[in-house]
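Every value quoted in this text rests on a predicted model; they were computed, and no experiment measured them. Start at 1 and go down the list; that is how both ligands and their atoms are numbered.
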Amino acid sequence: MVLLDGKKTSADIRKEIALEVEELKKNNKKAPHLVAIIVGNNGASITYVNAKVKACKEVGFESTLIELPKEISEQELINKINTLNNDKFIDGFIVQLPLPEHINEENIIMAINPDKDVDGFHPTNIGKMTLNLPTFIPATPFGILELLERYKIETSGKNVIVIGRSNIVGTPISILLGQKRNVGNATVTLTHSRTVDLPKITKQADIIIVALGVPNFLKADMVKEGVVIVDVGITRVEDTSKKNRFKLIGDVDFKEVSQKASYITPVPGGVGPMTIAMLLKNTLLACKRK
Ligand code: NAD
């Protein structure tokens with residue numbers, strides 16, 4: 001079994017990005033600038049957003065964190081977004097999800113200028129992605145493609161099963177892997193909570209992408225020998241032995257499934273760090289496109 005090491009691969013990508021930033025600066029061009037907006041004080045969101053801002057600094061980007069109170073109105077948040085849309089010194093920005101209940105996520109995503117939407121969530125960018133046109137691919141599916149590519153995992157003609165149909169992971173990765181592209185040309189089945197007899201389907205899979213958010217959901221008796229496993233799930237579970245009092249659990253029962261898999265991502269250290277690296281890649285792209 002080979003570990004799909006997202007920590008190492010993302011470090012390689014960050015190094016490549018840092019070199020490109022140095023090159024930009026040498027040519028008297030400005031470094032890419034990413035802004036992250038966070039609304040409220042959700043613990044997991046704060047951790048993710050801080051990791052993104054830290055990663056920006058490490059590769060030589062400029063980065064700004066905008067922290068807004070959870071009581072902020074939808075209109076006030078849209079006003080903030082409009083300011084960023086019109087600021088020519090900002091290449092890309094993200095609004096960390098989830099948002100407080102009184103704010104409609106769709107309205108917020110729609111307010112972002114698609115040229116600065118480095119999360120790739122705007123319908124214009126999703127549309128371009130679906131048509132296989134140049135765009136910002138959402139960071140998590142982008143990270144999965146990159147991981148498969150760098151480990152030279154063949155996807156062409158393979159039977160891929162995706163578990164979970166979210167707009168940010170399951171649906172886009174199922175579209176991308178089915179496309180005529182370098183890491184693509186697969187026969188993809190998108191499964192979800194209404195799928196009947198999931199184990200019968202997963203047992204046919206050459207590659208399984210698991211993104212449902214149920215810890216240890218995928219068991220060894222649901223997969224065939226030699227399967228490639230990409231575990232996107234991250235659930236925080238209390239662990240008093242840890243300094244921060246929680247641990248991260250994936251959607252795959254790693255102990256069992258790794259016995260049968262040919263390649264598998266660990267949690268943590270698999271898809272998570274790749275997501276951050278690809279956000280940086282999208283921001284660099286936004287800067288170069290301007
Ligand atoms: P989500 O929470 O929006 O949706 C879950 C999906 O799983 C739904 O489409 C649902 O139909 C499906 N589902 C639920 N129960 C199922 C079952 N029993 N069988 C089959 N399908 C079932 O999904 P999300 O936002 O993609 O998040 C999924 C997981 O991935 C979460 O743990 C999340 O924290 C994690 N995540 C990780 C990263 C990363 O960078 N590693 C990024 C995004 C999300």
Side-chain angles (χ1 to χ4, degrees), residues 3-7 9-10 13-14 36 42-52 54-55 94-99 101 105-106 109 118-121 126 136-148 160-177 188-205 208-219 221-223 229-237 246-254 257 264-282:
L3 209 60
L4 295 170
D5 188 343
K7 206 170 161 190
T9 309
S10 67
I13 296 168
R14 290 200 309 269
N42 175 310
S45 293
I46 291 170
T47 308
Y48 295 144
V49 105
N50 282 336
K52 290 170 186 175
K54 187 168 162 250
I94 58 165
V95 181
Q96 184 68 41
L97 302 178
L99 291 166
E101 263 178 25
E105 275 181 14
E106 259 173 42
I109 291 169
V118 286
D119 258 339
F121 294 163
I126 296 285
F136 300 115
I137 296 175
T140 304
F142 197 7
I144 296 170
L145 293 182
E146 193 78 19
L147 204 51
L148 294 175
V160 174
I161 309 298
V162 178
I163 309 179
R165 59 178 161 190
S166 73
N167 288 343
I168 61 168
V169 187
T171 296
I173 193 65
S174 64
I175 293 169
L176 290 159
L177 285 171
V188 185
T189 306
L190 178 59
T191 66
H192 45 76
S193 52
R194 305 287 179 93
T195 297
V196 176
D197 201 355
L198 183 65
K200 188 177 165 200
I201 301 169
T202 51
K203 269 189 242 165
Q204 310 289 321
I208 309 181
I209 317 280
V210 199
L212 74 159
V214 179
N216 296 322
F217 175 84
L218 192 81
K219 301 286 182 190
D221 61 6
M222 294 168 75
V223 306
I229 300 284
V230 177
D231 186 355
V232 183
I234 305 177
T235 304
R236 282 182 171 212
V237 175
F246 70 83
K247 61 179 172 187
L248 302 177
I249 309 274
D251 287 351
V252 176
D253 191 328
F254 184 90
V257 176
I264 185 167
T265 57
V267 175
V271 176
M274 291 300 293
T275 297
I276 296 183
M278 302 324 276
L279 173 68
L280 300 177
K281 207 158 184 171
N282 276 342

**Study point:** Qualifying residues under side-chain hydrogen bond (donor to acceptor under 3.5 Å, both in side chains), relative to D5, sequence neighbours excluded
**Key:**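 None.
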Exercise for review: List for me each residue that meets side-chain hydrogen bond (donor to acceptor under 3.5 Å, both in side chains) alongside T195, sequence neighbours excluded, and say none if there are none.
Suggested key: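 Testing T195 for side-chain hydrogen bond (donor to acceptor under 3.5 Å, both in side chains), a comparison that skips the adjacent residues, returns none.
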Which pairs of donor and acceptor atoms, one on a side chain in residues 267-279, lie under 3.5 Å apart (sequence neighbours left out)?
from, atom 1, to, atom 2, distance (Å)
T275, OG1, T140, OG1, 3.1
T275, OG1, V271, O, 3.2

Point to revise | Option from V210, V232, L212 for which side chain to side chain contact (heavy atoms under 4.5 Å, CB included) with V169 holds | key: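 Single side chain to side chain contact (heavy atoms under 4.5 Å, CB included) partner of V169 among V210, V232, L212: V232.
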Point to revise | Passing candidate, side chain to side chain contact (heavy atoms under 4.5 Å, CB included) with V188, options I161, L176, L177 | key: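 Per the side chain to side chain contact (heavy atoms under 4.5 Å, CB included) rule, the option paired with V188 is L177, out of I161, L176, L177.
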Review point. Can you list, by chain and residue number, every protein residue with a non-hydrogen atom closer than 4.0 Å to ligand 1?
Key: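 For ligand 1, the contacting residues are T140, I163, G164, R165, S166, I168, V169, H192, S193, A211, L212, G213, F217, V232, G233, I234, V271, G272, T275.
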Review point. Among side-chain atoms of T9 and R14, is any donor-acceptor pair under 3.5 angstrom?
Key: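 T9 vs R14: no donor-acceptor pair found between side chains.
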